[in-house]
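Just below is one structure, and these are the notes that go with it.
In what follows, chains carry the letters A, B, and so on, assigned in the order in which the sequence lines appear, proteins first and then strands, with residues in each chain numbered from 1. Scope of the values below: all heavy atoms of this structure, side chains included, with no hydrogens, waters or symmetry mates.
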Amino acid sequence: MKLPKSFYLREDTLLIAKELIGKFVFTKIDGNLTGGMIVETEAYIGPFDAGSHAFNNRKTPKNATMFEAGGVAYLYICYGIHDMLNVVTGEAGSSHAILIRAFEPMVGIETMQQRRGNVPLKRLAKGPGSLAKALGLNKSFDKERLTGDLIWIEDQGLIITPENIKATGRVGLSCAEPYFSIPWRFCLSGNAFVSKG
DNA sequence: TATGGGATTACCT
DNA sequence: GGTAATCCCATAC
């Protein structure tokens, strides 16, 4: 079943980030259904997190989407090249978000390979930039609802036990401690599609 | 109006 | 394992 808006509106973003492991993310763009099982996420707790765009409640036109109520997508361009898919969580104004870093391809693999340039299956959606590209997403999908028919996340009843979720420091940040090594990255232990570690 | 940096990836050795 | 590619936008002048 498609996750309802209430799933995203909760304030416990770290819990949601863990719960997203083993869920299924899909997009349907130009009639092409693509997606797979989420195996890696990172939490960004806006106001209290120097690694977040919204640290100290810093609000700009660029990150305004993070201040929306939960249940929308926040797409951000990094290094001018890579689009990244985030899930906004919490009530309006919380500025919490979760970066989807990797999924295991399941549906529409041919379409995703065309978008990615026929890279091997193992690299299809490994890493946030690759993932967004495989799903056909870019900044024009910023602020798109996750409860509509364009981008959504499903619970397919898969149970992931806590022992199978590994928490580590986040990747790619250049911010100061303790934010650099705080374990707010979650991945499915031993899964071959996790981007790192 | 000018400038610097960024939640990365891919390719070369 | 190291490094170049690449471009939007927030900040400063």
Which whole-number value in Å describes the distance from A:Asp83 CG to C:dC7 C1'? 11 Å
Closest to side chain of A:Arg58, choosing from C:dC9, B:dA7, C:dT11: C:dT11
Looking at A:Ile38, A:Leu121, A:Leu131, A:Leu188, which one forms a side chain to side chain contact (heavy atoms under 4.5 Å, CB included) with A:Phe193? A:Leu121
A:Asp142 and A:Thr65: side-chain donor and acceptor closer than 3.5 Å? yes
Using modelled atom types only, decide if a donor and an acceptor are shared between the side chain of A:Asn86 and the backbone of A:Tyr74 within a distance under 3.5 Å. yes
Is NZ or CZ of A:Arg10 both nearer than 6.0 Å to the six-membered ring centre of A:Phe7 and within 45° of the ring axis? yes
Would a distance-only check, ignoring hydrogens and angles, find a side-chain to backbone donor-acceptor pair under 3.5 Å from A:Glu144 to A:Val72? no
Is a donor from one side chain sitting under 3.5 angstrom from an acceptor on the other, for A:Thr111 and A:Thr34? no
Between C:dC9, B:dT8, C:dA10, which nucleotide has the shortest distance from any of its atoms to the side chain of A:Pro128? B:dT8
Side-chain contact check for A:Ser130: nearest option of C:dA5, C:dA10, B:dT9 is B:dT9
What is the nucleic acid contact for A:Arg101, judged by heavy atoms within less than 4.0 Å: base, sugar-phosphate only, or nothing? sugar-phosphate
Quick one: label A:Arg123 by what it contacts on the DNA or RNA (base, sugar-phosphate, nothing), any heavy atom closer than 4.0 Å. nothing
I'd like to know if A:Arg185 and A:Glu40 make a salt bridge, using a cut-off of under 4.0 Å between side-chain N and carboxylate O. yes
Considering only side-chain heavy atoms of A:Lys62, which listed nucleotide, B:dT8, C:dC9, B:dG6, is closest? C:dC9
What is the separation between atom OH on A:Tyr74 and atom P on B:dA7, rounded to the nearest whole Å? 9 Å
Between A:Tyr44 and A:Arg170, is there a cation-pi geometry (under 6.0 Å to ring centre, at most 45° from the normal)? yes
Atom-to-atom span, CD1 of A:Ile81 to P of B:dC11 - whole angstrom: 12 Å
Could you state the CE-C1' distance from A:Met84 to C:dC8, rounded to the nearest angstrom? 13 Å
Using atom NZ of A:Lys122 as one end and atom P of B:dT9 as the other, report the distance to the nearest whole Å. 17 Å
Rounding to an integer number of Å, can you tell me how far A:Leu99 CG sits from B:dG6 C1'? 14 Å
Dot-bracket notation for DNA chain C is requested: 5' to 3', Watson-Crick or G-U wobble pairs only, both distances under 3.5 Å, with ( ), [ ], | and . as defined. |||||.||||||.
Starting at the 5' end of DNA chain C, which residue's closest nucleotide do you reach first, A:Pro61 or A:Gly80? A:Gly80
Consider the side chain of A:Tyr79, meaning its heavy atoms from C-beta on, and name the nucleotide among B:dA7, B:dG6, C:dT11 that approaches it most closely. B:dG6
Rounded off to whole Å, could you give me the NE2-to-P distance for the A:His82 and C:dC8 pair? 14 Å
I need the OH-C1' distance between A:Tyr76 and C:dC8, as an integer number of Å. 10 Å
If you count the non-hydrogen atoms of other residues, nucleotides and ligands that lie under 6.0 Å from CD in A:Gln156, is the total more than 12? yes
What is the distance from atom CD1 of A:Ile81 to atom CG of A:Asp83, rounded to the nearest 0.5 Å? 10.5 Å
Which residues within residues 49-56 of chain A lie with some heavy atom under 4.0 Å of an atom in DNA chain B? A:Gly51, A:His53
Using a cut-off of 4.0 Å on non-hydrogen atoms, how would the nucleic acid contact of A:Tyr44 be classed: base, sugar-phosphate, or nothing? base
